[in-house]
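Presented below is the structure to which this report refers.
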Amino acid sequence: MKTTQAITNATRNIDSAHSEIGFKVKRMKSIMKKLIVLIIATAFAITMKAQSNNQFIGADLIVFNAKITTQNLAQPEASALAVKRGKIYAVGTDAEILNLKDNNTRLIDANGRRLIPGLNDAHTHILSERSFNYNVRWEGVPTLQRALEMLSEQAKRTPEGQWVKVIGGWSPYQFKENRFPTMEELKKAVPDRPLIVQYAYNQAFLNELAMKAFGVGTDRFPGMPGTEFEKDNEGHYTGIVHSYTFTFIGLEFMVPQASFDEQVNSLTNVIHELNRFGITTALDAAAASGYAQGHTPIDFLAKENQLNIRFPFIDLQFGDVSAPTMVDAEINAITKRSPISPGENVDPIMAHGHEYEGTGEMLRLVLHDHENFDKPAIVVNKDSMRIYIEEDITKLVKRRIPFRMHISYNENITPFLDALESVNRKIPLDGLRWSIEHAETITPENIARVKKLGGGIALDGKMALHGDGFIKTYSREKALQTPRLRLLVESGIPLAMTTDAFRASSFNPWTSISWMITGKSVSGSEILAKDNRLTRNEALKLFTSGPAWFEHQEDENGRIVPGYLADFALLDKDFLTIPDDEIKSVTSVLTIVDGRVVFGTQEYSNLSPKLSETIPAWSPVKYFGGYYNSK
């Protein structure tokens, strides 16, 4: 009995303890609930107080009263947009967007103008223009007479020891006279300073002082295979030199070079001229001096927050003899001397400001098929193409380094793709981005092969400038389908139109846009068949959303969409409604990069950032501007 009673008492004690513990637990839960309610109420009160003091945080920038081409199928048109921290975050009507302003918001009235996404030139050569301020620019000059007058005026102010230079970007077919200058005209214009007038990478005109300085007729002249010197009836050199890319690159290093300050000033002017046409992103397709040393002026501008354009780049270690091949030199450069990864941005301030996008556009000198439309196509040895491409691209694929390959002619595209398909069978490309640059005469069959391999094609507008020469060399019939614009657009392949400026062609993208739409070259000749032309929106996309793929930015660049980069341009004319013959003369009146004004003119002049004074004092750019009538 005692045992039973003890068990009963113990059980009662345990029950009592459980009851007490349960009570305490319930009490603790009740306290916690009250505490949570108190915390929530306090937080809500603080939030409400903050909201009562400041209802919301407004936009940094609002542009309203615009005709916005968004290139967004869900919202193709709008009249206003709002920007915060360098990105677009709202697009809509004036009423909707102006409701997002606060006391700190900058408001810009577009005055009913057309607003488009910022133009993106996915293949240009900005870094080659570090002596831009030393050059007379003939882009846009309407007559040969005025072009010669510019030389004569510049010769009078050019100091002894310096040259008078025109280095590419123009075409004889742009002139009313529709011809090249004669040597007699050039010598008369510049009698007492060395003169070089370079036409694309096709030929150059040299006066006597320039021929002497370059060593024409001697071993000092850097003539590559295929170089031809014109002679008169008496066997004397006339000063006209026909050659290819590398000869003219060599000549550029034999003339006086710009100082570092002049290089920075030159690139500032270059970028300003690009902004003038609404360009907000420009992919540098490599220069003779590679990363990182060759990029020092760009680094300087970025650190000073003066890099007024997004500057993705591909790299080329041209002239590096420390490695057996250019691809090996590139790998050494980005892994040992100046480590950088594909997609890495070294701009300390702006997204995609100075970003490495891989290597190219040349992998080996012997595989370069110079696009000289005045001469028949250069056909590369097929065996060399296959062997070298397999060797070089295998190294790049293993390291996941994107690559771009300059190939103009289909005869060379075919063996290139043969080699690339062989590489892909052994080491899959697996989404690695690559592209063919230029591809003027690519066939439908090879377009399909590029697409299957996951590649893109970056065309250029050289036919707009030099198509009349192409007709003389090949035929009008061939020119009308060069390149196959309609087929390329409809193929769905990643596609961009580029300028390939500043030597091979003009840096004005509207020249190319006009050609794609009207089919006319700068001379007014029809060089693109009616069934091979594009609509205005199609042409615009090849300079906006299309190029973004080549820079791994297709989800944030090239459209006026919330979440996209705040890069856009307000045009001086309504691109979508003006007559065809006015398209080539379109410019920007207001250009925005990263949400900040980088260029303004007309009613927006007071918004434009002030540029440093152009140096040196005798610079042609100081007197003529970087494009005709831009001063």
Partner residues of [X] under the ring-ring contact (aromatic ring centres under 6.0 Å, His included) criterion, sequence neighbours left out:
X      : answer
Tyr623 : none
Phe132 : none
Tyr237 : Phe229
Tyr201 : none

Do you see a donor-acceptor pair shorter than 3.5 Å between the side chains of [X] and [Y]?
X      : Y      : result
Asp572 : Gln602 : no
Ser585 : Lys573 : yes
Glu361 : His406 : yes
Asn207 : Arg193 : no
Asn275 : Asn308 : no

Are the charged groups of [X] and [Y] less than 4.0 angstrom apart, N to O?
X      : Y      : result
Arg179 : Glu177 : no
Arg404 : Glu357 : no
Arg276 : Glu273 : yes
Arg130 : Glu262 : no

For Asp219, does the CG atom have more than 12 heavy-atom neighbours from other residues, nucleotides or ligands under 6.0 Å away?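 At most 12 heavy atoms, drawn from other residues, nucleotides or ligands, come within 6.0 Å of this atom.
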Are the side chains of [X] and [Y] in touch, meaning some heavy atoms are under 4.5 Å apart?
X      : Y      : value
Ser506 : Gln174 : no
Met516 : Phe543 : yes
His370 : Met224 : no
Leu307 : Val593 : no
Phe575 : Ile517 : yes
Leu148 : Pro181 : yes

Output the distance between atom CG (Leu283) and atom CD1 (Ile314), rounded to the nearest 0.5 Å.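 It comes to 6.0 Å.
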Between His368 and Tyr244 (judged by ring centroids, cut-off 6.0 Å), do the two rings come close enough to count as a pair?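 Aromatic pair excluded; centres sit 6.0 Å or further apart.
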With a 6.0 Å cut-off on ring centres, are Trp515 and Tyr173 close enough?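 Ring centroids of Trp515 and Tyr173 are no less than 6.0 Å from each other.
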Determine, step by step, whether Phe550 and His123 satisfy the ring-ring contact (aromatic ring centres under 6.0 Å, His included) criterion, reporting the C-alpha distance in whole Å, the side-chain angles of both residues, the deciding distance to 0.1 Å, and the verdict. CA-CA 10 Å; Phe550 295 80; His123 186 122; 10.0 Å; no
Side-chain polar contacts of residues 612-620 - donor-acceptor pairs under 3.5 angstrom, sequence neighbours left out - could you list them?
{"residue": "Glu613", "atom": "OE2", "partner": "Lys622", "partner atom": "NZ", "Å": "3.2"}
{"residue": "Thr614", "atom": "OG1", "partner": "Asn269", "partner atom": "ND2", "Å": "3.3"}
{"residue": "Ser619", "atom": "OG", "partner": "Asn133", "partner atom": "O", "Å": "2.6"}
{"residue": "Ser619", "atom": "OG", "partner": "Val621", "partner atom": "N", "Å": "3.1"}

Over all heavy atoms of both residues, which pair between Ala282 and Ile126 is shortest? Give the atoms and the distance, please.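 Of all heavy-atom pairs spanning Ala282 and Ile126, the closest is CB-CD1, 3.7 Å.
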Going by the side chain to side chain donor-acceptor pair (under 3.5 Å) test, name the single residue among Lys165, Gln198, Gln154 that passes it with Asn135.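 Only one of Lys165, Gln198, Gln154 forms a side chain to side chain donor-acceptor pair (under 3.5 Å) with Asn135, namely Lys165.
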Is there a side-chain hydrogen bond (donor to acceptor under 3.5 Å, both in side chains) between His354 and Tyr291? Walk through the geometry before answering. CA-CA 11 Å; His354 187 194; Tyr291 184 81; over 6 Å; no
Non-neighbouring partners of Glu153 that pass salt bridge (charged side-chain N to carboxylate O under 4.0 Å, His left out), sequence neighbours left out: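 Salt bridge (charged side-chain N to carboxylate O under 4.0 Å, His left out) check on Glu153 returns Arg146.
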Okay, side chain of Asp369, backbone of Tyr409: is any donor-acceptor separation there less than 3.5 Å?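 Yes; judged by distance alone, with no hydrogens or angles, the pair exists.
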Counting only N and O atoms by type, is there a donor-acceptor contact under 3.5 Å from the side chain of Thr601 to the main-chain atoms of Val589?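 Pair absent, no side-chain N/O of Thr601 close to backbone of Val589.
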